[in-house]
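These notes concern the structure reproduced below.
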Amino acid sequence: MKAIRRFTVRTVLPESIAPLSRLARNLRWSWHRPTEELFAELNPQAWEAVHGDPVRLLGSLTREEIQQIAADAPTVRRIEELDADLERYLAEDRWYQLTQPEDAPRSIAYFSAEYGITSVLPQYSGGLGILAGDHLKSASDLGVPVVGVGLFYQHGYFKQSLSRDAWQQETYPVLDPDGMPLTLLREEDGTPVRVGVPLPDGRCLSAHVWRADVGRVPLLLLDSDIPDNDDHARSVTDRLYGGGGDHRLQQELLLGMGGVRALRAFCRLTGAPEPDVYHCNEGHAGFAGIERVAELMDPARGAGVLTWEEALTAVRCSTVFTTHTPVPAGIDRFERAQIEHFFEAGLAPSVPTREILALGAEDYPGGDPGKFNMAVMGLRLAQRANGVAKLHGTVSRQMFQGLWPGFDTDEVPIGSITNGVHVTTWIDPRIAELALDPHGSDLDRAARWRQIYAVDDAELWAVRRRLREELVADVRTRLRASWKVRGAADAELAWTDAVLDPDVLTIGFARRVPTYKRLTLMLRDPQRLKRLLLDRHRPVQLVVAGKSHPADEQGKRLIQDLVRFTDDPEVRHRIVFLPNYDIAMARTLFPGCDVWLNNPLRPLEACGTSGMKAALNGGLNLSVLDGWWDEMYDGQNGWAIPTADDGADPDERDDIEAAALYELIENHVAPRFYGETAEGSDPADDGVPHQWLAMVKHTLATLGPRVSAKRMLEDYVRELYLPAARSGRAAAADDHAAARATSRWVRRVREAWPHVTVEHVDAEGVELEPQIGDELTVHAYVSLGALGPEDVQAEIGYGRVSDSDHIHERRHACLVPAEDLGGGRHRFTGSVTIDRSGPFGYTVRLLPQHPSVADRAELGLVANA
């Protein structure tokens with residue numbers, strides 16, 4: 001029998017334990033172990049049954065159980081102490097308040113299509129969402145005033161199971177927001193806040209706004225499943241990445257434009273300050289910039305209304321864009337006509353549709369003029385942009401170089417801030433107790449981690465074994481459950497009780513399963529892998545997990561190939577695949593693995609934070625030099641898998657890299673884990689692999705502070721948020737006087753630039769046989785047309801040159817105006833000292849120059865000699 005209507009009955013708690021409700025609804029419990037332990041101990045059986053969800057736990061308690069808790073004085077005191085601790089955490093000054101200047105942003109809006117905070121709020125699919133969740137948690141811990149904006153998906157992503165023949169199957173359980181740690185944002189009269197965006201054919205897409213409290217950070221999630229909408233509109237937020245075409249576009253319109261409207265309602269109702277900075281985490285939220293431009297162009301502003309150019313200038317100043325995509329295929333692209341159709345319906349009536357289309361146009365070599373590119377729009381709407389690792393920054397500059405013609409790749413204005421992970425979420429408490437000085441400060445985070453060097457090897461080895469033992473137990477439980485879903489009877493599953501061994505080297509591999517991550521590289525030579533797994537003296541065991549996108553048939557085939565190998569009775573006790581990889585599984589998997597494997601196609605891994613989580617627990621990385629590992633591998637914190645030459649065909653490349661992987665495991669990783677050295681067994685011969693543990697300690701001490709999301713947030717504050725807030729405030733002051741002036745200057749420069757040229761360059765001071773130390777004086781004769789010398793920056797670029805005369809190891813020096821030659825012509829002069837031997841060259845160029853321009857390549861204008 002199916003219910004025709006559903007509702008959630010709230011638990012009413014006695015006053016003495018009423019704080020339990022607040023403790024359950026603030027998601028800080030998901031990384032505050034004492035609070036999580038309190039809920040677990042209230043009713044251990046119920047806690048397990050509700051899969052560690054405090055809100056569901058409270059809802060499952062009977063009146064008698066509630067009364068027993070309220071009558072237990074020690075428990076009541078514990079609840080009061082934890083509530084007081086939460087209150088202090090929410091109110092006290094933290095790193096941001098103690099260290100940042102007075103003009104630091106009062107509020108930062110952070111837009112993301114997904115958030116991975118806890119498994120009880122399943123609004124994430126993979127690394128992007130986990131990163132966003134860790135961003136909010138770390139912002140909370142540091143006191144950074146972030147407000148998150150996203151969508152509430154009625155089915156989340158999907159739950160994964162396997163069929164009998166090992167094919168991935170997806171199910172989409174309905175999520176009830178009333179039964180989750182969420183509260184509905186309401187108007188002062190108690191009615192739910194409603195935000196909406198108009199759609200074609202006179203329709204409207206409306207949404208309610210759910211609020212989750214992530215410690216100090218409010219997270220606003222828009223939900224279209226409301227009675228105001230027709231059936232199609234109600235399904236817009238049905239599932240994460242579940243649709244294409246118009247469905248996906250409407251999700252992104254609601255996230256961006258609706259998200260800004262939700263922010264406005266939140267600030268109006270709570271008194272929170274309007275954001276000074278808007279940070280778009282990937283291109284999904286790019287339409288937030290269009291909404292902000294539309295606000296400034298709204299005729300209702302009266303005398304303060306801005307033109308398109310003025311509004312765009314103002315919005316760009318305070319916008320940050322982060323790209324996570326290392327390949328063009330990973331970017332959301334819509335048909336140009338599709339965008340035109342939706343905006344002609346009145347989405348932003350004051351904004352010319354042609355200007356919106358121009359923001360996402362692929363009007364560069366290799367682009368498709370019929371496509372609207374969300375990442376391109378994100379970059380054009382933001383004055384500051386970054387990739388998520390140093391190598392990814394390089395890849396992003398190469399990928400988007402067409403937007404800045406005339407500039408070398410390394411000059412493309414996309415920087416990088418390497419991702420980090422939220423330490424308290426991902427580190428096991430027993431490792432934290434050994435590795436982290438409890439009295440240490442965030443002001444000297446590296447010093448906190450050096451405590452690990454004083455820990456006795458035997459004690460550390462014992463803790464690592466306990467973590468491996470717990471992983472083995474969890475794997476056995478999950479594997480049995482998976483086989484039962486696949487149709488196996490209990491009588492067939494006795495073998496699962498002996499799967500894995502807590503004393504065997506354990507390698508983990510868990511991630512999404514697109515083809516470039518190469519889930520099955522380990523199967524390249526099945527017989528060699530079997531020999532490694534079954535080695536009598538140095539056996540290896542593998543725990544693998546991962547989801548393929550429901551529409552990715554090739555990814556599903558990779559999973560099927562791997563699972564069929566793990567089903568082989570000869571090796572199934574040494575290698576397992578666990579379906580439905582999520583945060584709950586990961587919190588046991590990362591601490592329990594000795595080695596974390598990552599073998600993507602370089603350089604297609606933007607960052608790859610899973611290896612960071614393993615490192616926090618003393619796991620050693622075995623990875624291709626890609627993403628974060630490319631910059632943090634030092635030879636003592638794990639192993640680098642060599643990559644094949646770029647000219648190798650795909651099969652040859654995979655053969656070479658798989659062989660390198662097997663060789664590393666067999667001859668380097670396994671011998672060190674089992675206490676063997678080049679001379680034989682470990683000299684101590686006490687059953688403790690001291691050289692292995694030296695690598696573990698080095699990993700914890702050196703990577704711990706570097707992979708922390710607190711480090712990441714501090715980088716964002718210093719490098720992006722502070723400059724964006726200052727630029728945004730300057731642009732908005734005096735009714736956007738600076739934005740108006742800058743836009744006029746930009747228009748004047750763009751109109752005049754076709755006539756800006758470097759006519760002639762003279763040099764003096766260098767003899768026929770130049771020597772190190774000679775001073776080179778350069779005179780550049782330029783024509784500026786309608787521009788003046790104050791509008792341009794003239795510079796000499798110099799350095800070592802290649803056989804093709806390309807300047808490498810390039811430096812720049814300014815040339816200053818020296819003479820007005822009349823008719824818009826000028827002479828600029830400057831000098832440089834030759835400081836290197838070998839082939840040397842120089843050139844001259846002109847760039848636009850203005851106090852409001854954050855980067856010299858920002859306008860994409862350059863005149864080269």
Side-chain angles (χ1 to χ4, degrees), residues 112-113 126-128 131 241 252 279-286 289 316 319-334 336 358-419 512 514-518 549 600-609 624-631 643 646-647 650 653 719-720 806 810 854-862:
S112 182
L128 178 72
L131 179 279
Y241 305 143
E252 298 190 5
H279 183 179
C280 288
N281 190 41
E282 254 308 339
H284 312 112
R316 290 187 72 254
T319 302
V320 172
F321 176 72
T322 298
T323 174
H324 292 257
T325 308
V327 288
I331 296 172
D332 280 350
R333 299 161 78 219
F334 299 100
R336 179 184 172 93
L359 287 175
E362 295 185 354
D363 52 357
Y364 44 81
D368 183 342
K371 297 294 185 183
F372 183 92
N373 186 306
M374 293 297 290
V376 167
M377 178 177 69
L379 289 166
R380 286 174 170 157
L381 277 168
Q383 194 173 42
R384 292 166 178 83
N386 69 287
V388 292
K390 288 181 180 178
L391 179 60
H392 180 239
T394 300
V395 170
S396 298
R397 289 188 287 274
Q398 294 169 346
M399 190 161 67
F400 295 109
Q401 185 178 12
L403 298 178
W404 290 273
F407 290 90
D408 285 348
T409 302
D410 62 353
E411 296 181 294
V412 169
I414 301 175
S416 65
I417 291 180
T418 302
N419 283 345
R512 291 184 303 110
T515 52
Y516 78 86
K517 290 183 183 282
R518 296 193 294 183
H549 188 282
L601 285 174
R602 188 180 191 272
L604 302 185
E605 182 83 275
C607 185
T609 55
V624 166
L625 287 173
D626 201 2
W628 74 278
W629 190 235
D630 182 70
E631 68 193 76
T643 49
D646 289 341
R653 176 204 61 215
E719 298 176 27
L720 295 174
H806 186 81
R810 184 181 61 256
D855 187 280
R856 59 188 177 185
E858 183 177 321
L859 300 186
L861 300 175
V862 61

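Note: hydrogens, waters and symmetry copies are ignored here, and every other heavy atom, side chains too, is used.
Remark: R316 pairs with E858 by the salt bridge (charged side-chain N to carboxylate O under 4.0 Å, His left out) rule, at least two apart or across chains. Among residues two or more places apart in sequence or in another chain, the salt bridge (charged side-chain N to carboxylate O under 4.0 Å, His left out) test is passed with D855 by none. Partners of R518 under the salt bridge (charged side-chain N to carboxylate O under 4.0 Å, His left out) rule, at least two apart in sequence or in another chain, are D654, E657.
At least one side-chain heavy atom of L359 sits under 4.5 Å from a side-chain heavy atom of L381. D630 has its side chain within reach of R602: a pair of non-hydrogen atoms, C-beta onward, lies under 4.5 Å apart. Between P413 and W404 the shortest side-chain heavy-atom distance falls below 4.5 Å. At least one side-chain heavy atom of L403 sits under 4.5 Å from a side-chain heavy atom of R380. The closest side-chain heavy-atom distance from F334 to K371 is not below 4.5 Å. The shortest distance between side-chain heavy atoms of M399 and H392 does not fall below 4.5 Å.
Between the side chains of Q398 and T409, no donor-acceptor pair is found at a separation under 3.5 Å.
Atom SG of residue C607 and atom CD1 of residue I417 lie 12.0 Å apart, to the nearest 0.5 angstrom. Note: E719 CD to S416 OG = 8.0 Å, rounded to the nearest 0.5 Å. To the nearest 0.5 angstrom, N419 atom CG is 4.0 Å from L131 atom CG.
Residue pairs meeting the salt bridge (charged side-chain N to carboxylate O under 4.0 Å, His left out) criterion with at least one member in residues 319-332, sequence neighbours excluded: R248-D332. Residue pairs meeting the salt bridge (charged side-chain N to carboxylate O under 4.0 Å, His left out) criterion with at least one member in residues 387-401: none, sequence neighbours excluded.
Judged purely by atom type and a 3.5 angstrom limit, D408 has no side-chain atom pairing as donor or acceptor with the backbone of D410. Judged by distance alone, the side chain of E605 and the main-chain N or O of W628 form no donor-acceptor pair under 3.5 Å. Side-chain N or O atoms of D626 include one that pairs as donor or acceptor with a backbone N or O of L604 at under 3.5 Å.
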Requested in this report: Before giving the answer on side chain to side chain contact (heavy atoms under 4.5 Å, CB included), spell out for E252 and M374 the whole-Å C-alpha distance, their side-chain angles and the decisive distance to 0.1 Å.
Outcome: CA-CA 10 Å; E252 298 190 5; M374 293 297 290; 3.3 Å; yes
Query raised in the report: Is there a side chain to side chain contact (heavy atoms under 4.5 Å, CB included) between H549 and R512 once you walk through the steps?
Result: CA-CA 8 Å; H549 188 282; R512 291 184 303 110; over 6 Å; no
**Report entry** CA sep, side-chain torsions, deciding dist, call: E631, T418, side chain to side chain contact (heavy atoms under 4.5 Å, CB included)
**Finding:** CA-CA 9 Å; E631 68 193 76; T418 302; 2.8 Å; yes
Query raised in the report: After noting the C-alpha distance and the side-chain angles of D368 and R336, does the key distance pass the salt bridge (Lys or Arg N to Asp or Glu O under 4.0 Å) rule?
Result: CA-CA 10 Å; D368 183 342; R336 179 184 172 93; over 6 Å; no
Report task. Could you give me the CA-CA distance, side-chain angles and deciding distance for F372 and M377, then say whether side chain to side chain contact (heavy atoms under 4.5 Å, CB included) is met? Result -> CA-CA 8 Å; F372 183 92; M377 178 177 69; 3.5 Å; yes
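When all heavy atoms of Y241 and A113 are compared, the closest pair comes out as OH-CB, 3.9 Å. Taking every heavy atom of both residues into account, A382 and V320 meet most closely at CB-C, 4.2 Å. Nearest heavy atoms, A385 versus L379: CB-CD2, 3.6 Å. Taking all atoms of both residues into account, the shortest heavy-atom contact from V862 to G406 is CG1-O, 3.7 Å. The minimum heavy-atom distance between I331 and F400, with the atom names listed, is CD1-CZ, 3.8 Å. Scanning all heavy atoms of the two residues, the minimum distance from Y364 to N373 falls at OH-ND2, 4.0 Å.
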Could you list the donor-acceptor pairs under 3.5 angstrom formed by side chains in residues 323-330, with sequence neighbours left out?
{"unit_1": "T323", "atom_1": "OG1", "unit_2": "T325", "atom_2": "N", "d": "3.4"}
{"unit_1": "H324", "atom_1": "NE2", "unit_2": "N281", "atom_2": "OD1", "d": "2.5"}
{"unit_1": "T325", "atom_1": "OG1", "unit_2": "E282", "atom_2": "OE2", "d": "2.6"}

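When the options V388, L720, L128 are evaluated for a side chain to side chain contact (heavy atoms under 4.5 Å, CB included) with T322, the one that passes is V388.
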